[in-house]
Amino acid sequence: MNGNKTSVGSRIKWFLYGLKIKIFGGEKKNGPTKPRNKKAGQTVFLFFFMLFPVLQFLVFYVGVNVNSIKLAFVKYEGNKASFAAFDNFDRVLKAIFVNGDLRLAVKNSTIQFLTGLLIGMPVQIAVAYVLFKKVPLAGAYKVLLFMPNILSSLVFVICTRVLLFDALPTVFHGFMVTMYDSSSFYAVLIFGMWMNFAGGLVIYLSAMCSISKDILEYGELENMSSAKELWYVVLPSIFPTIVTYIIVAIAGFFTNYGHFYSFYGASGTGKKPFDTLGYNFFVKVSNSNDPKDHTFAAAGGVLFTLVVAPITLITKYLLEKYGPSED
């Protein structure tokens, strides 16, 4: 009897003790951190770590664009605002496909995008690879190529305006670049590529310098030429960086106004030979007091976002799935 009572009491005691341990975690002892406390700390860290980009998105995208989305559905008659339904979107679509007000801007934006993608990016990668191979005077070349980014771009804009539109036509009578013809568009486009060259060069060169030495030594053992090493070893290794640049370029198709505003200010829009979508809409927002221009630009921004967002995501997916990899 006594033995059975002791056995039952002992079981109850140990059951209550185990329940206490599960609920309260037992008594604190000097030793390693408990797994539960460690997991809670990781959860708190991840929460605050993810809180920053979420707040940044809510403030700088949602908060900033709330008024733009509202304006896209508003029309003004004098100072009186009313609901416009999709009238502003209709104006944007007609400007592109019907009356042609934005047709030249779409064409120039496409040229600007393809020039940067098909000419600017390959040249940046090729020059970065040459410097990566540590050719003679590679350090001096880095300094020379980065020089345009040391001074303000406006300084170079002023110098280039004087050179193209005043100095060269005076010295070379056959050389003619006027400020308001098609040749000025390509002149400013080349100027923009030159000014943006150093930024991409530094990024690609940094990506190449992070390539494992084992991979590069494998190429040397296989007796690869420089062209094969660039194609089969370097490009797959830096492909995530290339994907990032392509995605940013696509996302900025409708907003990239290059250096045209620096050259021409607000006087360039209106079916000018150098008009681009980014330049046109930037001037409508920054230099116009007409509410119709603001509602037009707001509708265009919403419409362009709906177009470019899926294209950007699909392009990213396809490049990551079918693009080259280090394996």
Side-chain angles (χ1 to χ4, degrees), residues 42 46-47 49-58 60-62 65 96 106-107 109-133 192-193 196-256 258 276-278 300-327:
Q42 291 176 345
L46 290 175
F47 172 77
F49 182 80
M50 294 300 298
L51 183 63
F52 176 74
V54 171
L55 288 176
Q56 189 178 40
F57 171 78
L58 293 176
F60 294 103
Y61 184 81
V62 177
N65 290 300
I96 297 175
V106 172
K107 175 186 173 183
S109 294
T110 304
I111 295 173
Q112 180 178 248
F113 169 76
L114 293 177
T115 301
L117 183 65
L118 302 179
I119 298 177
M121 179 181 292
V123 172
Q124 286 174 329
I125 294 174
V127 175
Y129 178 69
V130 171
L131 297 178
F132 172 69
K133 298 299 289 184
M193 291 178 59
N196 297 331
F197 185 82
L201 177 66
V202 170
I203 298 299
Y204 291 126
L205 184 58
S206 300
M208 291 178 188
C209 291
S210 64
I211 298 175
S212 173
K213 292 183 179 180
D214 295 335
I215 299 176
L216 297 173
E217 290 175 356
Y218 173 78
E220 294 176 358
L221 293 174
E222 291 293 323
N223 205 16
M224 286 184 175
S225 63
S226 296
K228 287 185 177 180
E229 182 185 53
L230 174 62
W231 185 258
Y232 292 107
V233 177
V234 175
L235 287 180
S237 299
I238 68 169
F239 192 69
T241 304
I242 297 175
V243 170
T244 301
Y245 260 77
I246 294 175
I247 295 304
V248 170
I250 294 174
F253 179 88
F254 295 105
T255 58
N256 181 17
T276 64
L277 287 170
V302 173
L303 188 63
F304 296 155
T305 301
L306 295 177
V307 172
V308 78
I311 294 176
T312 302
L313 295 175
I314 292 172
T315 303
K316 180 177 182 294
Y317 170 77
L318 293 176
L319 288 174
E320 290 178 347
K321 184 175 182 179
Y322 298 105
S325 63
E326 297 182 29
D327 299 335

>> Please report the interatomic distance OG(S225) to CH2(W231), rounded to the nearest 0.5 Å.
In response: 13.0 Å

>> Do S212 and I215 have side chains that approach each other closer than 4.5 Å (heavy atoms only, starting at C-beta)?
In response: yes

>> Between Y204 (side chain only) and A126 (backbone N and O only), is there a donor and an acceptor less than 3.5 Å apart?
In response: no

> Of all residues at least two apart in sequence or in a different chain, which pass the salt bridge (charged side-chain N to carboxylate O under 4.0 Å, His left out) check with K228?
Replying inline: none

> What is the distance from atom CE of M208 to atom NZ of K133, rounded to the nearest 0.5 Å?
Replying inline: 10.5 Å

With a 3.5 Å cut-off and sequence neighbours excluded, list the donor-acceptor pairs that the side chains of residues 238-253 form with protein atoms.
| from | atom 1 | to | atom 2 | distance (Å) |
| --- | --- | --- | --- | --- |
| T244 | OG1 | P240 | O | 3.0 |

> How close do G278 and S109 get, heavy atom to heavy atom, and via which atoms?
Replying inline: N-OG, 4.5 Å

> Quick one: which of I125, V127, V123 gives a side-chain contact (heavy atoms from CB on, under 4.5 Å) with L201?
Replying inline: V127

> For residues 303-324, which residue pairs qualify under side-chain hydrogen bond (donor to acceptor under 3.5 Å, both in side chains), counting only residues two or more places apart or in two chains?
Replying inline: K316-E320, Y317-K321

> Between atom CG of L55 and atom CE of M50, what is the distance when rounded to the nearest 0.5 Å?
Replying inline: 11.0 Å

> Between atom CG of L230 and atom CZ of F132, what is the distance when rounded to the nearest 0.5 Å?
Replying inline: 10.5 Å

> Would you say D214 and E217 make side-chain contact, with heavy atoms under 4.5 Å?
Replying inline: yes

>> Using 0.5 Å steps for rounding, measure from the OG1 atom of T115 to the CD atom of Q112.
In response: 8.0 Å

> Got a second to check how far F197's CZ is from Q124's CD, nearest 0.5 Å?
Replying inline: 5.5 Å

